[in-house]
Amino acid sequence: MIRFLFKGLLRDKQRSLMPVIVVFIGAFLTVFLQSWMTGILGDMIDYNARFSTGHLKVMSKAYWERVEQTPNDLSLVNTTPLINDLNKEFPEVEWVSRIRFGGLIDAPDSLGNTRAQGPGVGWGIDLLTPGSMEAERLNIPKSLVQGRLPQKPGEILLSDDFAGKLKVKPGDQVTLVGSTMLGSMAVYNYIVAGTVRFGSQAIDRGAFIADLADVREALDMQDAAGEILGYYRSGAFDKELAAADVAKFMDQHKSDDPYSPVMVSLRDQNGLSQMVDYMDVIISIGIFIFIIAMSLVLWNAGLLGGLRRYGEFGVRLAMGESKGQVYRSLLWESVLIGLIGSVLGTAVSLVLAYWLQKTGIDISGMMKSASMMLPSVFRSQVTPASFYVGFFPGLVATVIGTALAGIGIYKRKTAQLFKELQ
Amino acid sequence: MMKTILTALALMPVMLFGQNPDARQIIDQIDRNMASNTRVFTATMVVHAARGERVMEMKVWSEGNKRSFTEYLSPARDKGTKMLKLQDQLWMFSPSSDRIIQISGHMLRQSVMGSDLSYEDMMDDRKLTDVYNAVVIGPDQVDGRDCWVLELKAKEADAAYQLLKMWIDRERNVPLKEERYAKGGKLLKQTTLSEVKKIQGRWFPTKVVYKDMLKVGDGTEFIINDIQFDAQIPEGVFNKAGLR
């Protein structure tokens, strides 16, 4: 039966080619939209996690209350025992200390006087401890534009744009001017080891990165850290697990002391919770509306296909085929068309989505003055849903459209049949 | 007797016409009392930060409002740090880095050594009457002393503070309190001046407490230990070469 219907479809191009093309386009667009939107949201969350929020973050209560100011005078002190406890209590999480701070990078002339300077945002991260994953986590080796990673204390990385503005290159000396944790003036000389470009305009405008121990020395923050970030070793953020870990930690650290540690999850920071929920809703609504629109198109195609063949149905009924048989064959045909179109549309869309997942689209030209931490290359993301979402408009809508069109078969009157045949 | 006469003269406009005195006149009187060609003083700055207090000692040479040179004497971490202000430019020498660094732009809004004062506050050498329109809004008391309250509204929309309020000691012509407000009316900084002493024939407050209202902590005390007015300052002091 299926083979018979399949042959019929192949031989009658009007019954196969156009409907398959329409289904193909519908499934293709649906899958692509779903993977693209999921990719953008995933990129934004992952980017924030790596650079700013971690999957979990531990800070002092006072620091958390003013976190947007990165107030290092409110940092956690004696972090070694705290990190030991965290490692014991949450072994599935890798804990890393970081210091974020604002400061001025000053480039001297040959006499040691200021030649150029600019404000920037600094990161103190663990670059020199053997086995530290921090450089890879921030994608620093792949972001290097000139020079190399710091290999010893006293070396610094500058964002390539910032280095260009200051007219410094690897090997040159620069001076960090900032505030120590206790408020004194911090003035510390560094040698530029290399320059990096992260692909986020907000960071690339004026970032500098030095080893954590070096920054602690410069800012008088021995064994202190503004933030202790936690990353699940699985690499994936699980909101239920994170919420449970936060609840467990907070239960163990109930205190009114403003310098007592608090833990927050990725969703609690940078407005990510609202953003993720908002984006989730927007994406769901967008995809839903698109599926409905595509479904209407494909439904209509099914209807038209059915109506176009009223003459054929009349002949088949006149030849003695039962209405049920005609109706079922019509449905099976639409299932075949829906399946072929959906499989082809999904397959081609997945190829494109995989390609965009690998290469991405560079939107840095549109983000020259952006202050949000956003990646400037957006990528699509193929998820399990990408493999089936195209079948809703492609298969389900086509079959429903055909089923509705086919109801007409039961309304056919024999007298009218002969009139149509004439 | 003389003091009584002077007070009576100062209050005459109020007694005669029931009006407040002219604000410009009060500001001129403050200038006459406090201004000097040069000042050399040593001071202790106590920063009451969120995590405890820091004490710094410094020696300052200044000429008018345009030129000043500061050398930090303690604590050990800051000892030897020098700052030179010439007109609207500021340089800093840090012995640990052996660098002379110009403080400008964004950095001017930062706090001076973690205190409640910003470099911008320190650099502001314009005359009040050039930047603000001043009016006397009435009498008040600070620590039991009779004061005039001056309200100074910025002439320009881009002034760092849109509104200042100053409480001026009527008898000694020294400010005892100052409040600085943002455009929206939010109090940004509060300054209280006390321990007013007569030095070289002029009344001078030797203790100033600055409080940045947006900052955690209990403010910064600036205590003048000794001060000389109109002292001879060698020209070389106000020279970039003197920083190293």
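Below, chain A is the first sequence line, B the second, and so on; all start at residue 1.
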If you count heavy-atom pairs under 4.5 Å between each of A:V187, A:D106, A:N189, A:L111 and chain B, which one has the most? A:D106
For the atom pair OG (B:S96) and OH (A:Y188), what is the distance rounded to the nearest 0.5 Å? 9.5 Å
From B:L243 CG over to A:N113 CG, what is the distance, rounded to the nearest 0.5 angstrom? 9.0 Å
When only pairs under 4.5 Å are counted, which of B:S97, B:G114, B:S115 shares the most heavy-atom pairs with chain A? B:S97
Side chains of B:R77 and A:S184: is there a donor and an acceptor less than 3.5 Å apart? no
Evaluate whether atom NZ of B:K155 has more than 12 neighbouring non-hydrogen atoms of other residues, nucleotides or ligands under 6.0 angstrom away. yes
Measuring heavy-atom distances to chain B, does A:A218 have an atom under 4.5 Å in its side chain, in its backbone, in both, or in neither? backbone
As an exercise, state the distance from OG1 of A:T180 to CE of B:M113, rounded to the nearest 0.5 Å. 9.5 Å
Rounded to the nearest 0.5 Å, how far apart are OG1 of A:T175 and CZ of B:R99? 3.5 Å
A:K61, NZ atom: more than 12 neighbouring heavy atoms under 6.0 Å: yes
Counting only heavy atoms from other residues, nucleotides and ligands, does the tally under 6.0 Å from CD of B:Q232 exceed 12? no
Answer yes or no: are there more than 12 heavy-atom neighbours, outside A:N84 itself, under 6.0 Å from its atom CG? yes
Go through B:R244, B:K240, B:R54 and name the one with the most non-hydrogen pairs under 4.5 angstrom from chain A. B:R54
Considering only heavy atoms, which portion of A:Q69 lies under 4.5 Å from any heavy atom of chain B: side chain, backbone, both, or neither? neither
Got a second to check how far B:I103's CD1 is from A:M185's CE, nearest 0.5 Å? 4.5 Å
Does any backbone or side-chain atom of B:M56 lie under 4.5 Å from a heavy atom of chain A? Answer side chain, backbone, both or neither. neither
